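Worksheet: the structure to be examined is printed underneath.
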There are 2 protein chains.
Amino acid sequence: MSYKPAGELTELPKGHPCEECVIRPITICRRLDPRTLANLRALGSPQHLQAGQPMFHEGDPVKRVFMLASGSLKIYTLLADGRRQVTGFMFPGDFLGISVDDEYAFTAEALSDSELWWFSRQAFDAFVERTPDVERELYRLAAHELAAAQQQMVLLGRKTAAERLASFFLMLLERKERVSGRAERRFDLPMSRLDIADYLGLTKETVSRMLALLRDRGLIRLETQDRVQVTDRPGLEEMAAGFGEV
Amino acid sequence: MSYKPAGELTELPKGHPCEECVIRPITICRRLDPRTLANLRALGSPQHLQAGQPMFHEGDPVKRVFMLASGSLKIYTLLADGRRQVTGFMFPGDFLGISVDDEYAFTAEALSDSELWWFSRQAFDAFVERTPDVERELYRLAAHELAAAQQQMVLLGRKTAAERLASFFLMLLERKERVSGRAERRFDLPMSRLDIADYLGLTKETVSRMLALLRDRGLIRLETQDRVQVTDRPGLEEMAAGFGEV
DNA sequence: CGCATCGTTGAAATCGATCAAAGTCGGTGG
DNA sequence: CCACCGACTTTGATCGATTTCAACGATGCG
């Protein structure tokens, strides 16, 4: 195991504006800048995940901290009878696994072949202990994620199926823009229709139908099954905000 | 204005297990112990809110940090056409208002006549700056709240109306137990049926019907319109977990 | 090329929403 | 003390958005 002292993780961009930060419940999922990412590659231990392979399960003890280097993951919780709620997706650069509890309250599973680096939990904790500013950074990230969680509650509690899908697409587009730093017109859907449905509190059939609806209204175009082009962004934003129909 | 230097806020119980901690999106809502509460009463400035009166609105600049001393509040977000999602309720001892952003992304409104104490945002920030352990405490609280937010996503995305109400009741009961430190059989509903509906992503009529259903199944009894007695807790827990019917 | 998986589309069913009316509660004033 | 008023809650009947069930189509891999 090529683990190195956590004290070397000083390259974490503490003052970074971090608008693209994403934290998962009881986790930090954070987009790191490329330079830092390169540094972390050297410090952590690599791990490969094939598409569909779980990174950990609900109830697993929390022993590691992860950073996703390539690929994508879904994070979900199951009810006893199999109903599933996807609570988030992870993309390259996201950081995950910090927790105050002893067990994961969810499962993380690779959507596509993925590569990640990990650090032992206790070493990371020690690093945080030694580096006071990181504490603030973690808190700031958590606060951002709380805001995102609140938005998702509005989506799940009060938005229609079409509004949910429009909101989801805008989220993916905006995230891509924050990462690339420039306006984007298209984005990928690395997850299945079922994954999207379980994220939006719908069924895969409804997702498929709403996809057709957005397409027929000229808001989007499906370049391929897993690639979307936004053809009318203001229209999509109206739809997401609840002005799609009266 | 009787504001005092934030440096005197050293009575915050940093090592406190904090299982009853509640944080609202972009906020910390934290149950403080009675001794600390007494200290804060002396340090902060008091404010009264009558039932129905908003504490602040979405878009207000975040200038203060609040602690609820008595009464209760609801926190909600509105969509453009008036649809409302209540994202949380605040109870005595909860702490609220820490944010990394400059504006509130929600509205907080008193459910009943309430009393709260506030501290200026910058003074509180300065206090946090000066007291490194508080940073960790804040982060720990945020992580707890993220776990709660995830649970709420499962509720809103995948639970039936009856399951939502059962889950909500158990939440209120468990919260009361954490605060009192002993088993409880009853709890109050300071919020209206509409508030409950907007929290659970339902309508007030459905809430009323599900209330009748839980009552008719012998899981609860309505002592008064706003006071519930749990008569079959295992049954209520089954219902909340999704085993109510197959 | 054929199979398996995933996605789309159609028809019927259902849960919760909406519309409507009656009941309850607390407060107010006669 | 009681009658009335208004707001909230409950209950009933119907409606509709989304789900469920079913079949068909597309895509990708061996």
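Remember, predicted model here, so these are calculated numbers, not experimental data. Below, chain A is the first sequence line, B the second, and so on; all start at residue 1.
- Here A:Gly52 lies out of heavy-atom contact (under 4.0 Å) with every strand.
- Look at NZ on A:Lys159: it is 18 Å from C1' on D:dA17, rounded to the nearest Å.
- In this structure, B:Asp216 places its CG atom 8 Å from P of D:dT11, rounding to the nearest Å.
- Using modelled atom types, no side-chain atom of A:Ser112 and backbone atom of A:Ala51 make a donor-acceptor pair closer than 3.5 Å.
- Close to C:dT8, at under 4.0 Å from its OP1 or OP2, lies no side-chain N or O of A:Arg215.
- Under 4.0 angstrom from either OP1 or OP2 of C:dA17 there lies at least one side-chain N or O belonging to B:Thr206.
- Taking only side-chain atoms of B:Thr203, from C-beta outward, the nucleotide of C:dG7, C:dT18, D:dT20 with the closest atom is C:dT18.
- As a whole-Å value, the separation of A:Glu223 CD from C:dG7 P is 18 Å.
- Comparing C:dT18, D:dT20, D:dT18 against the side chain of A:Ala161 picks out D:dT18 as the nearest.
- Distance A:Leu211 CG to C:dT9 C1': 13 Å, rounded to the nearest Å.
- Atom CZ in A:Arg83 sits roughly 13 Å away from atom P in D:dT19 (whole-Å rounding).
- Taking atom CZ on A:Arg158 and atom C1' on D:dA17, their separation rounds to 14 Å, with Å as the unit.
- Between B:Phe106 and B:Tyr76, a ring centre-to-centre spacing not shorter than 6.0 Å is recorded.
- At whole-Å resolution of the value, CG in A:Asp198 and P in D:dT19 are 11 Å apart.
- Between B:Leu202 and A:Lys204, it is A:Lys204 whose nearest contact on DNA chain C lies nearer the 5' terminus.
- Computed from coordinates, the A:Arg193 CZ to C:dT5 P distance equals 18 Å when rounded to whole Å.
- Among the heavy atoms of the strands lying under 4.0 Å from B:Ser208 is at least one base atom, whether or not backbone atoms are also near.
- Residue contacts shown for A:Glu205 include a base, since a base heavy atom lies under 4.0 Å away.
- The 5' end of DNA chain D is approached more closely, in terms of each residue's nearest nucleotide, by B:Ser192 than by the other of A:Val207 and B:Ser192.
- At a cut-off of 3.5 angstrom, the base of C:dG10 holds at least one donor-acceptor pair with the side chain of A:Arg209.
- Between the side chains of B:Glu184 and B:Ser180, at least one donor N or O lies within less than 3.5 Å of an accepting N or O.
- Put simply, the side chain of B:Asp216 never gets that close to the backbone of B:Leu213: no donor and acceptor are under 3.5 Å apart.
- To the nearest 0.5 angstrom, B:Leu173 atom CG is 8.5 Å from B:Glu237 atom CD.
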